[in-house]
Chemist: 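If you scroll down you'll find the structure; I have some questions about it.
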Amino acid sequence: MPTKRQILETLKLTELQDLASTFELFVGDRRVRDQLIDAAGISHRVSLAQILGEYPRERLKEICRELGLDDHGKEKAAIVARILGREPEQGSLKLSVSEPTKPPSEKPREAAPPAKPPKSPQTPKRSSSGEPAGDLGFEAKLWQAADKLRNNMDAAEYKHVVLGLIFLKYISDSFEELHEKLLAGEGDYAGADPEDADEYKAENVFWVPKEARWAHLQASAKLPAIGKVVDDAMVAIERDNPKLKGVLPKDYARPALDKHRLGELIDLIGTIGLGSAQNRSKDILGRVYEYFLTQFASAEGKNGGQFYTPRGVVRVLVEMLAPYKGRVYDPACGSGGMFVQSEKFVEEHGGRIGDLSIFGQESNATTRRLALMNLALRHIEADFGPEHADTFRRDLHKDLKAQFVLANPPFNDSDWHRVDDDVRWQYGLPPKGNANFAWVQHFIHHLAPDGYAGFVLANGSMSSNQSGEGEIRRAIIEADLVDCMVAMPGQLFYSTQIPVCLWFLTRNKSDGKRRDRRKETLFIDARKMGTLIDRVHRELSDDDIRKIAATYHAWRGDKGSGAYVDIAGFCKSATTAEIASHGHVLTPGRYVGAEEVEADAEPFEEKMARLVSELNAQFAESAKLEQAIKANLRGLGYGG
């Protein structure tokens with residue numbers, strides 16, 4: 001039997017838009033199919049029987065075929081019942097939706113004030129299958145509700161308000177789950193004291209003092225002093241958990257923050273279970289946190305790139321580098337997405353989380369706190385140095401040699417601090433007006449002898465010859481450090497619409513683990529990949545990411561990766577001599593060539609005759625339509 005979402009996915013964009021209008025659904029962007037499907041999927045007002053009953057029989061049969069169902073029959077009611085997976089009952093299936101079903105007192109969604117969530121915590125709503133409603137895009141629903149409560153607050157400010165509360169709810173949920181086991185005192189917990197902080201630390205659970213527990217916050221949500229209650233909770237958690245010292249936001253009591261809306265936000269977040277074992281296994285928190293980071297990056301536009309690298313870009317870097325074991329370093333770590341994806345990669349491939357050591361640095365103090373929270377809620381240990389610091393002014397990990405460097409540094413940064421005799425400038429002095437090759441040389445400096453680096457840069461880094469950049473690039477190429485270059489599609493980032501490229505460097509192309517690749521570089525042109533999710537943003541699919549990574553692993557000679565072949569228009573293995581013949585330019589389009597076009601079997605003379613015949617027929621039809629329009633105008637008293 002098809003699920004509600006599967007049925008919705010068969011609908012055309014215009015049908016989904018009509019559905020959203022009919023049932024007055026709140027949708028962030030009605031041009032995006034997934035947002036429309038998510039909104040309809042989680043709405044209890046949307047009746048599939050009513051929706052399908054409006055469609056003509058032939059459209060219903062099309063839907064049957066798309067779902068792999070038998071499309072026979074003349075009665076619409078029977079076809080609708082088949083799609084819904086039930087037999088039609090006499091008089092039970094209405095085939096009209098002239099008015100959406102809703103309570104008499106309900107107002108249109110857009111016109112209504114923000115809905116007030118329940119005053120006490122509730123368990124997440126579940127689908128008919130018993131799974132949490134998170135499987136139906138609950139992140140989007142939560143974001144829409146939270147964004148309504150933002151009112152006129154700047155997104156850059158609001159993200160710390162929301163993400164701090166989400167973090168607090170998570171650790172409180174985890175605490176309460178263990179607290180209940182200790183109270184029960186059964187099995188291994190017999191005789192345990194539920195108010196002993198050491199019991200929680202032993203289980204790798206943050207200790208939450210009474211004044212910071214979510215139930216206390218929820219009970220105070222409607223009080224005028226709720227801001228101070230939250231600040232006191234954050235202070236108490238930092239006091240009792242040294243790992244979190246200086247990490248949590250503690251300015252909820254400031255006058256500029258609307259306390260009524262803060263209370264509503266607490267009620268809203270209280271409706272979602274985050275820290276229980278079941279929700280941890282589904283990474284509910286990770287989904288919420290990452291989705292909110294994405295939406296805040298979009299809301300902040302250009303400034304969003306300072307703390308967030310799109311997940312698809314991070315996944316390409318991680319899947320290609322495959323960081324199973326060793327030291328991972330990101331000197332411009334933002335909110336820590338590179339580290340989170342690296343840990344996920346290890347988990348998904350059967351490795352051990354403890355085999356990775358995380359090192360990071362971030363120059364923005366508030367962004368650094370986001371990263372520390374992002375990692376703390378996943379219990380990922382990391383060394384971010386004692387404080388925030390500019391990587392060029394003060395390298396917090398001077399002696400670090402990492403097996404993996406993953407980074408998305410600021411693009412074309414002209415406001416950076418250069419010391420001319422810096423030990424990192426081994427391949428040339430980077431220009432003061434652009435930090436691109438300062439970052440590249442910083443990454444190389446921190447690479448271990450067996451290390452790999454993967455990082456994002458603006459496309460200009462592949463070809464620029466300004467201010468000595470071309471000479472630095474030539475020196476890096478001649479040192480045989482460039483392993484792979486990937487040209488990415490445009491519109492991937494929230495901070496810029498310019499297309500970017502991925503660089504992959506290694507100190508050792510003949511390590512004995514893979515084939516000898518000395519004096520060779522792989523070029524991949526991925527500019528045609530990805531799908532537009534709205535007018536200005538593109539996302540890479542899982543298949544896109546797999547194709548890029550698999551091509552690199554096959555070329556590199558990784559065990560079990562299959563044989564590599566050049567594909568015109570997509571990938572090409574080039575020698576250092578070939579790169580030199582192109583002036584040491586690293587743009588993949590120069591090497592991969594044009595995509596092969598399938599030969600047309602129709603002879604040219606026959607094709608031209610056919611096309612001319614079709615064109616003449618269209619001209620004739622056009623003339624008929626012109627005469628008909630003129631005749632109609634004359635009949636109305638217009639025209640000669």
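Note that the numbering runs from 1 along the sequence shown for the chain.
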Chemist: The criterion is side-chain hydrogen bond (donor to acceptor under 3.5 Å, both in side chains); which residues satisfy it with Asp71, sequence neighbours excluded?
Modeler: Arg65

Chemist: Quick one: sort the His442 and Trp439 rings into parallel, tilted or perpendicular, breaks at 30° and 60°.
Modeler: perpendicular

Chemist: Could you check if a side-chain atom of Pro430 sits within less than 4.5 angstrom of a side-chain atom of Asn436, using non-hydrogen atoms only?
Modeler: no

Chemist: Check whether any side-chain heavy atom of Leu502 lies under 4.5 Å from a side-chain heavy atom of Val313, and answer yes or no.
Modeler: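 Yes, at least one pair of side-chain atoms sits under 4.5 Å.
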
Chemist: Going by atom types alone, do Asp483 and Tyr552 pair a side-chain donor with an acceptor below 3.5 Å?
Modeler: yes

Chemist: Taking only residues two or more places apart in sequence or in another chain, which ones pass ring-ring contact (aromatic ring centres under 6.0 Å, His included) with Phe404?
Modeler: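 Partners of Phe404 by the ring-ring contact (aromatic ring centres under 6.0 Å, His included) criterion come out as none, since no residue qualifies.
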
Chemist: Could you tell me whether Arg5 and Glu9 make a salt bridge, using a distance below 4.0 angstrom between a side-chain N and a carboxylate O?
Modeler: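 Yes, charged N to carboxylate O under 4.0 Å.
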
Chemist: Does any non-hydrogen side-chain atom of Thr531 lie less than 4.5 Å from one of Arg538?
Modeler: no

Chemist: Where do Ser342 and Leu406 land on the side chain to side chain contact (heavy atoms under 4.5 Å, CB included) test, with the steps shown first?
Modeler: CA-CA 9 Å; Ser342 295; Leu406 289 142; 3.5 Å; yes

Chemist: So how far is it from Lys4 NZ to Leu84 CG, rounded to the nearest 0.5 Å?
Modeler: 11.0 Å

Chemist: Would you check if there is a donor-acceptor pair between the side chains of Asn364 and Thr366 at a distance under 3.5 Å?
Modeler: yes

Chemist: Given the ring of Tyr452, does Arg556 sit roughly above its face, with NZ or CZ under 6.0 Å from the centre of the six-membered ring and within 45° of the axis?
Modeler: yes

Chemist: Are Leu8 and Leu48 close enough, and set up right, to give a side chain to side chain contact (heavy atoms under 4.5 Å, CB included), and what steps lead you there?
Modeler: CA-CA 9 Å; Leu8 290 168; Leu48 287 178; 4.2 Å; yes

Chemist: Does the side chain of Met488 reach to within under 4.5 Å of the side chain of Asn459, using non-hydrogen atoms?
Modeler: no

Chemist: Can we say Glu62 and Arg59 salt-bridge, meaning some charged N sits less than 4.0 Å from an Asp/Glu carboxylate O?
Modeler: yes

Chemist: Might you confirm whether atom CD of Glu614 has over 12 heavy atoms from other residues, nucleotides or ligands at distances under 6.0 Å?
Modeler: yes

Chemist: Find the distance between SG (Cys484) and CZ (Arg517) and round it off to the nearest 0.5 Å.
Modeler: 10.0 Å

Chemist: So, are Asp544 and Lys547 salt-bridged, with charged N and O less than 4.0 Å apart?
Modeler: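 Looking at Lys547 together with Asp544, the answer is no, because their closest N to O distance does not fall below 4.0 Å.
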
Chemist: Report yes if the side chains of Phe570 and Met529 come closer than 4.5 Å at any heavy-atom pair, otherwise no.
Modeler: yes

Chemist: Is any side-chain heavy atom of Leu60 closer than 4.5 Å to one of Arg82?
Modeler: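 Not touching, per the 4.5 Å side-chain cut-off.
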
Chemist: Supply the atom-to-atom distance Leu457 CG to Phe437 CZ, rounded to the nearest 0.5 angstrom.
Modeler: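 Rounded to the nearest 0.5 Å, the CG-CZ separation comes out at 7.5 Å.
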
Chemist: Supply the atom-to-atom distance Leu375 CG to Phe339 CZ, rounded to the nearest 0.5 angstrom.
Modeler: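 Leu375 CG to Phe339 CZ: 7.0 Å, rounded to 0.5 Å.
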
Chemist: Hey, are Glu469 and Ser464 close enough side-chain-wise for a donor-acceptor pair under 3.5 Å?
Modeler: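 Side chains of Ser464 and Glu469: pair found under 3.5 Å.
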
Chemist: Below 30° counts as parallel, above 60° as perpendicular, anything between as tilted: where do the rings of Trp503 and Phe455 land?
Modeler: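 Ring orientation of Trp503 relative to Phe455: parallel.
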
Chemist: About how many Å separate CZ of Arg33 and CD of Glu15, when rounded to the nearest 0.5 Å?
Modeler: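 Spacing of CD (Glu15) from CZ (Arg33) equals 9.0 Å.
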
Chemist: Can you list the residues that meet the ring-ring contact (aromatic ring centres under 6.0 Å, His included) rule with Tyr591, with sequence neighbours excluded?
Modeler: Phe523, His582

Chemist: Contact between Ile79 and Cys64 at the side-chain level, heavy atoms closer than 4.5 Å - yes or no?
Modeler: yes

Chemist: If we only count heavy atoms from C-beta on, is the Leu11 to Ile63 side-chain gap below 4.5 Å?
Modeler: yes

Chemist: Would you give the length of the straight line joining atom OG of Ser461 to atom CG of Leu586, rounded to the nearest 0.5 angstrom?
Modeler: 8.0 Å

